[in-house]
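Throughout, a chain's letter reflects where its sequence line sits, starting with A, and its residues are numbered from 1.
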There are 2 protein chains.
Amino acid sequence: MSTDVDLNAVRTFVAVADAGRFQDAATDLSITQQAVSKRVAALEKDLGVRLFTRTARGARLTVDGQAFLPHARELLRAEERAAASVRPGRRALRVDVIGRKLAPAALLRDFLRAHPSTELDVVTLHDVEAAVTAIRSGTIDASFRAVAMPGRPLPDDIRATPVHDEPLQLLTGPGHPFADAPAVAPAELAGHRIWMPELPPGTEWAAYYADLAAAFGLSIDVVGPHFGTEPLPDVLADSTTLATFVGELTRVLWPADYDLRRIALHHPTPVYPHCLLHHRDNPHPALAALREHLTRSGPERRLRGDEIWTPAWAHRTTP
Amino acid sequence: MSTDVDLNAVRTFVAVADAGRFQDAATDLSITQQAVSKRVAALEKDLGVRLFTRTARGARLTVDGQAFLPHARELLRAEERAAASVRPGRRALRVDVIGRKLAPAALLRDFLRAHPSTELDVVTLHDVEAAVTAIRSGTIDASFRAVAMPGRPLPDDIRATPVHDEPLQLLTGPGHPFADAPAVAPAELAGHRIWMPELPPGTEWAAYYADLAAAFGLSIDVVGPHFGTEPLPDVLADSTTLATFVGELTRVLWPADYDLRRIALHHPTPVYPHCLLHHRDNPHPALAALREHLTRSGPERRLRGDEIWTPAWAHRTTP
DNA sequence: CTGGTCGCACAACCGGCGGTTGTGGCTCGG
DNA sequence: CCGAGCCACAACCGCCGGTTGTGCGACCAG
């Protein structure tokens with residue numbers, strides 16, 4: 001019952017399976033034959049099955065041993081990948097995203113579909129400032145962020161590439177006044193309550209929504225603290241007054257019978273300008289592949305410049 | 001450098017990451033907070049990075065911790081799968097094949113392509129007798145074998161389904177007399193040397209080739225002992241007298257510049273009758289899926305009964 | 001500012017795990 | 001029948017990994 005597998009014992013098991021003899025595996029591992037025997041015996045006891053048939057000419061795998069062997073190798077590979085994910089230097093590409101359900105995560109999934117063999121680790125930092133610090137220190141390789149924060153220009157050694165302008169939509173329940181509208185202008189939302197879950201203070205996207213509210217006279221209800229997005233569909237479905245902003249590519253899951261509506265915004269359309277930040281001198285090959293993929297699929301700009309809205313501080317600076 | 005990861009420490013790391021506090025993880029794991037602290041510290045020392053930032057309100061993942069977490073979960077899943085592969089009762093489907101490069105392995109790959117979520121373990125037993133014993137004892141669930149051995153009928157509780165009649169081909173180097181023949185009759189091979197690698201005595205396929213040789217007056221050179229099939233292409237490529245039999249679906253890999261030839265056999269075509277053996281009462285759902293897949297794709301019988309040759313003892317008995 | 005509380009780290013202690021050496025039993029080959 | 005090869009068992013012991021007890025820093029209420 002207890003899934004207590006000792007990786008050292010597994011390594012020893014694989015060594016014996018490859019060598020065919022306890023003795024040879026012992027010399028390979030630089031331990032005594034008795035230690036190998038003990039480890040294998042302990043593993044067999046843990047698993048509850050015999051892995052080898054001991055003969056006078058060595059050890060041969062039992063049926064259980066044959067079945068276990070590929071899983072053992074996979075287990076050791078998983079261990080190696082896990083250790084490699086935090087190994088300083090030559091580790092997998094590490095990219096920061098705002099959240100795992102937002103547009104950057106979708107772009108990364110798209111990239112992984114095109115380059116399946118890429119090793120990629122996804123993390124989430126607090127804000128673009130922390131991301132820039134992490135990029136400069138080598139902690140992460142790249143970051144999907146709005147390009148700047150109010151009054152904080154990017155350092156010289158950070159490159160920023162606009163990769164996606166994501167139109168915002170209004171998400172409402174079926175009883176909301178705009179539930180059946182084909183599109184809504186942001187100014188029409190003045191006076192309506194906008195429900196926003198958990199906007200961490202000091203982040204560039206909290207600043208984004210604050211600017212958005214100020215620009216169109218919206219009143220944003222920050223519900224919190226820290227309830228996340230989980231109760232969002234429940235609240236919206238039953239409310240005739242609350243609505244929320246969601247990115248076009250943002251995944252929001254709700255039960256099939258909830259009938260929530262995504263209402264387009266226009267005149268102007270608020271867009272969130274996702275950029276890829278990375279260090280000027282980062283030589284990681286996967287980073288080059290990611291940049292190439294993102295620029296090839298290209299930032300979609302279906303809207304004219306005067307039909308969209310972004311905060312003044314967020315206008316892209318690096319071509 | 002030493003990839004020595006303690007799975008218990010990894011489990012503890014995941015527990016802390018989920019709980020958010022060392023204290024809570026400790027109660028979850030039924031150990032003291034100090035033990036959790038020690039385990040995490042040891043893991044951090046092994047990996048060489050800090051995984052948590054300790055705060056007065058608990059522990060939060062560092063960037064390295066965030067990157068490591070999914071690999072840690074995968075590592076634990078791999079451990080669980082490995083342990084489950086040998087767990088008595090409710091383990092993955094376990095199938096015996098003659099060899100991993102022969103037709104049954106190809107059929108299994110085909111099955112896995114159609115049912116990707118199936119957990120499948122492949123093993124190799126000595127002969128059909130051992131397979132029957134293993135099936136009756138529950139050690140394996142199914143076996144791809146020729147249906148019987150000379151004079152040994154199948155027990156009543158074993159079901160046999162013919163799944164593939166595999167035509168044999170002649171594999172030769174470019175200098176062999178038959179290298180450019182479109183097809184050869186087995187009787188034409190009388191007097192020629194047939195090279196067969198490592199035929200383990202007492203197996204049903206050794207009996208098959210012995211019968212084949214006797215039926216057509218062939219002289220089979222058993223090269224061995226136990227060199228396997230690796231040197232086969234090297235030997236054939238340089239020889240103008242040696243040839244070997246290979247199944248139509250058997251994978252034989254040789255360098256691109258070797259120019260080995262697969263020559264069809266006819267009048268009659270020797271076929272190897274692969275059957276699926278399994279226990280009458282085995283309720284494993286994946287076994288039903290495998291049988292359904294094999295009977296759907298069906299045993300290919302492109303040849304008339306009087307155009308093929310199989311040993312008399314191998315003629316299928318169960319419909 | 002200050003005392004209380006919360007949460008993690010450090011210290012001391014100790015039992016058992018996992019290594020070692022030494023030896024015995026089994027099988028196979030000559 | 002004997003010797004060689006290989007693995008298991010036994011005895012020993014250092015140290016890993018658990019425990020309890022305590023210290024220290026952060027946050028908060030008063």
Side-chain angles (χ1 to χ4, degrees), chain A residues 2-62 64-65 126 200-202 224-226, chain B residues 2-62 64-65 126 200-202 224-226:
Chain A
S2 63
T3 60
D4 183 31
V5 176
D6 178 8
L7 284 185
N8 244 325
V10 173
R11 241 186 303 277
T12 308
F13 162 76
V14 172
V16 173
D18 288 342
R21 274 189 292 272
F22 282 41
Q23 205 85 272
D24 295 357
T27 58
D28 288 349
L29 299 171
S30 305
I31 55 177
T32 61
Q33 165 264 316
Q34 289 87 337
V36 172
S37 184
K38 265 194 172 183
R39 284 191 190 175
V40 171
L43 183 60
E44 289 176 328
K45 186 180 177 183
D46 279 348
L47 298 175
V49 296
R50 212 141 182 71
L51 296 172
F52 292 103
T53 59
R54 279 76 163 172
T55 77
R57 270 204 294 277
R60 295 167 56 89
L61 285 168
T62 63
D64 284 313
H126 183 256
H226 304 289
Chain B
S2 63
T3 59
D4 184 29
V5 176
D6 178 8
L7 285 185
N8 244 328
V10 173
R11 243 185 302 277
T12 308
F13 163 75
V14 172
V16 173
D18 288 341
R21 273 189 293 272
F22 283 41
Q23 205 85 273
D24 297 358
T27 59
D28 289 350
L29 299 171
S30 307
I31 55 176
T32 61
Q33 165 264 315
Q34 288 88 337
V36 172
S37 184
K38 265 193 172 182
R39 285 191 189 175
V40 172
L43 183 60
E44 288 176 328
K45 187 180 177 185
D46 279 349
L47 298 174
V49 296
R50 212 141 183 67
L51 296 172
F52 293 103
T53 59
R54 279 75 162 171
T55 77
R57 269 204 294 280
R60 296 166 54 88
L61 285 168
T62 63
D64 284 313
H126 182 256
H226 304 287

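A heavy-atom distance below 4.5 Å is not found between the side chains of Leu7(A) and Asp6(B). Side-chain contact between Val49(B) and Thr62(B): absent, with no pair of heavy atoms (C-beta onward) separated by less than 4.5 Å. Asn8(A) is listed as a side-chain neighbour of Asp4(B), based on a closest heavy-atom distance under 4.5 Å.
Under the ring-ring contact (aromatic ring centres under 6.0 Å, His included) criterion, Phe13(B) pairs with Phe52(B), Phe68(B), not counting sequence neighbours. Scored by the side chain to side chain donor-acceptor pair (under 3.5 Å) test, Arg54(B) finds Glu44(B) as partners (sequence neighbours excluded). In this structure, the side chain to side chain donor-acceptor pair (under 3.5 Å) partners of Asp18(A), at least two apart in sequence or on a different chain, are Arg73(A).
Not one side-chain nitrogen or oxygen of Ser37(B) sits closer than 4.0 Å to the OP1 or OP2 atom of dC8(C).
Across the protein-nucleic acid pair, Asp46(A) atom CG and dC17(C) atom C1' stand 12 Å apart, rounded to whole Å. Taking atom CZ on Arg11(A) and atom P on dG19(C), their separation rounds to 12 Å, with Å as the unit. Put simply, CD on Glu44(A) is 11 Å from P on dC9(D), counting in whole angstrom units.
Shown here for Arg21(A) and Gly58(A), the closest heavy-atom pair between the two residues is CG-CA, 3.6 Å. A pairwise comparison of heavy atoms in Val40(B) and Thr12(B) identifies CG2-CG2, 4.3 Å as the closest pair.
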For nucleotides 16-21 of chain D, list the nitrogen or oxygen atoms of the protein found under 3.5 Å from its nitrogen or oxygen atoms, one pair per line.
from	atom 1	to	atom 2	distance (Å)
dG18(D)	OP1	Arg39(B)	NE	2.9
dG18(D)	OP1	Arg39(B)	NH2	2.7
dG18(D)	N7	Lys38(B)	NZ	3.2
dG18(D)	O6	Lys38(B)	NZ	2.3
dT19(D)	OP2	Thr32(B)	N	3.3
dT19(D)	OP2	Thr32(B)	OG1	2.8
dG21(D)	O6	Gln34(B)	NE2	2.5

Going by atom type alone, with no hydrogens or angles, which donor-acceptor pairs under 3.5 Å involve a side-chain atom of residues 25-32 of chain B and a protein atom two or more places apart or on another chain?
from	atom 1	to	atom 2	distance (Å)
Thr27(B)	OG1	Asp24(B)	O	2.7
Thr32(B)	OG1	Ala35(B)	N	3.3

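Of the residues in residues 15-27 of chain B, those lying under 4.0 Å from DNA chain C by heavy-atom distance are Arg21(B), Phe22(B), Gln23(B). Of the residues in residues 48-62 of chain B, those lying under 4.0 Å from DNA chain C by heavy-atom distance are Arg54(B), Ala56(B), Gly58(B), Ala59(B).
Going from atom CZ of Arg60(B) over to atom NE2 of His126(A) covers 8.0 Å, rounded to the nearest 0.5 Å.
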